[in-house]
Amino acid sequence: MPIYNGMLPIIDKSEVKRYAGLRHAEDFPQQFIDEACKEIQLLATPKGVYQEYDYDAENKTILSNPPLQIEGSVIEKHLEKSTKVYVMAVTVGEDVEVRSEQLFKQGNYTVGLLLDAAATTAVEQIADQVNEIINTIAKKQGYKPTWRFSPGYGNWPLEVQKELANIIKTDQIGLEVTENFLLFPRKSVTAIIGLMPGDEDIATKRGCTSCSQKDCTSRKLPTLENK
């Protein structure tokens, strides 16, 4: 399984503000956001793992060992034209959340919130980096990749986390799944990307574009929704 050692030369500060619920807080001191980003850059140990498998769309099954059956109408629709899939996982490590928890326990809620938001931004950036590697491989092979789809999105149950982690051996990057099907370290992401023949397309909408809650403070701006 390919292991990816990620880099965080920059952290998207506009995304940090969004995750912290500060998008419209124009007077919020920028130096606090800058410092949070710098600290996460020092604390993070970004890693990823990914693997390609054949996919049986008719039987909704990833042909891994053991095979993994996909359940949930939205993810089934998302992969209905795919003949292969990539399963991926990324993490920025445990140190980032340990530091954030320390700040909260000390009552330093503002800095703790900003560190947490910066860590969330960081793990999404590492997911984007692995996603881009997969997209490049797929296109060279003549496939069109879908956008990445994570457990818990739509009606794809979180219970699948353990099976996903097993077939790509996320323990190689220090990533585990808890008894409650949550990821540990918490700032981690698992996802699946479908590979369709180059002339195919899908109609499923990505992320915030599919949500009816238009006034959500964490909603991505239109220019970011399809990145």
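Bear in mind that the values here come from a model prediction, so they are computed numbers and not experimental data.
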Applying salt bridge (Lys or Arg N to Asp or Glu O under 4.0 Å), run through Arg186 and Asp116 and close with a yes or a no. CA-CA 10 Å; Arg186 187 169 56 90; Asp116 188 82; 2.8 Å; yes
Using every non-hydrogen atom in the two residues, find where [X] and [Y] come nearest and quote the distance to one decimal.
X: Pro151; Y: Leu158; result: O-CD2, 3.7 Å
X: Cys37; Y: Lys13; result: SG-CG, 3.8 Å
X: Ser188; Y: Val123; result: CA-CG2, 3.8 Å
X: Gly6; Y: Ile126; result: CA-CD1, 4.1 Å
X: Ala36; Y: Ala118; result: O-CB, 4.1 Å
X: Arg148; Y: Ile193; result: CB-CG1, 3.6 Å

For the hydrophobic clusters of this structure (ILVMFWY residues joined by side-chain heavy atoms under 4.5 Å, transitively), does one cluster hold both [X] and [Y]?
X: Leu182; Y: Val98; value: no
X: Phe104; Y: Val92; value: no
X: Leu113; Y: Val16; value: no
X: Ile192; Y: Met1; value: yes
X: Val90; Y: Phe184; value: no

Which residues satisfy the side-chain hydrogen bond (donor to acceptor under 3.5 Å, both in side chains) test with Asn5, sequence neighbours excluded?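 For Asn5, the residues satisfying side-chain hydrogen bond (donor to acceptor under 3.5 Å, both in side chains) (neighbours in sequence not counted) are Lys47.
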Which residues satisfy the side-chain hydrogen bond (donor to acceptor under 3.5 Å, both in side chains) test with Asp95, sequence neighbours excluded?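 Checked Asp95 against side-chain hydrogen bond (donor to acceptor under 3.5 Å, both in side chains); zero matches.
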Side-chain touch [X]/[Y], heavy atoms, less than 4.5 angstrom:
X: Ile62; Y: Pro67; result: no
X: Tyr55; Y: Ile70; result: yes
X: Leu114; Y: Phe28; result: yes
X: Thr136; Y: Lys140; result: yes
X: Asn65; Y: Ile167; result: no
X: Lys144; Y: Pro197; result: no
X: Lys84; Y: Tyr53; result: no

What do the steps show when you test Gln125 against Leu8 for side chain to side chain contact (heavy atoms under 4.5 Å, CB included), and what is the final call? CA-CA 8 Å; Gln125 289 183 199; Leu8 290 166; 3.8 Å; yes
Pair listing, salt bridge (charged side-chain N to carboxylate O under 4.0 Å, His left out) test, anchored in residues 37-46, at least two apart: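 Of all non-adjacent pairs touching residues 37-46, those that pass salt bridge (charged side-chain N to carboxylate O under 4.0 Å, His left out) are Glu39-Arg99.
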How long is the straight-line distance from [atom2] of [Y] back to [atom1] of [X], given to the nearest 0.5 Å?
X: Asp56; Y: Ser82; atom1: CG; atom2: OG; value: 12.0 Å
X: Glu35; Y: Gln30; atom1: CD; atom2: CD; value: 10.5 Å
X: Leu22; Y: Phe32; atom1: CG; atom2: CZ; value: 11.5 Å
X: Glu71; Y: Glu76; atom1: CD; atom2: CD; value: 8.0 Å
X: Ile137; Y: Glu52; atom1: CD1; atom2: CD; value: 8.0 Å

Taking the side chain from [X] and the backbone from [Y], do they hold a donor-acceptor pair closer than 3.5 Å?
X: Tyr50; Y: Ile133; answer: no
X: Ser100; Y: Val96; answer: no
X: Glu94; Y: Pro185; answer: no
X: Thr61; Y: Leu63; answer: no
X: Gln41; Y: Pro9; answer: yes
X: Thr146; Y: Gly194; answer: yes

Are more than 12 heavy atoms, taken from residues, nucleotides or ligands other than Glu58, located less than 6.0 Å from that residue's CD atom?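 No.
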Candidate pair Lys187 and Thr91, rule side chain to side chain donor-acceptor pair (under 3.5 Å), full reasoning: CA-CA 6 Å; Lys187 296 304 180 183; Thr91 185; over 6 Å; no
Kindly state each residue pair satisfying side-chain hydrogen bond (donor to acceptor under 3.5 Å, both in side chains) with at least one member in residues 161-180, sequence neighbours excluded.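 Every side-chain hydrogen bond (donor to acceptor under 3.5 Å, both in side chains) pair that includes a residue of residues 161-180, provided the two are not neighbours, is Gln161-Thr190.
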Taking atom types as modelled, find out whether [X] and [Y] have a side-chain donor-acceptor pair closer than 3.5 angstrom.
X: Gln129; Y: Tyr4; value: yes
X: Thr83; Y: Asp54; value: no
X: Asp128; Y: Asn131; value: no

Excluding sequence neighbours, so at least two apart, what forms salt bridge (Lys or Arg N to Asp or Glu O under 4.0 Å) with Glu80?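 Partners of Glu80 by the salt bridge (Lys or Arg N to Asp or Glu O under 4.0 Å) criterion, ordered by chain and then number, come out as Lys77.
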Test of understanding: with ring-ring contact (aromatic ring centres under 6.0 Å, His included), list the residues that count as partners of Phe149, not counting sequence neighbours.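 For Phe149 the ring-ring contact (aromatic ring centres under 6.0 Å, His included) partners, ignoring immediate neighbours, are His78, Trp147, Tyr153, Trp156.
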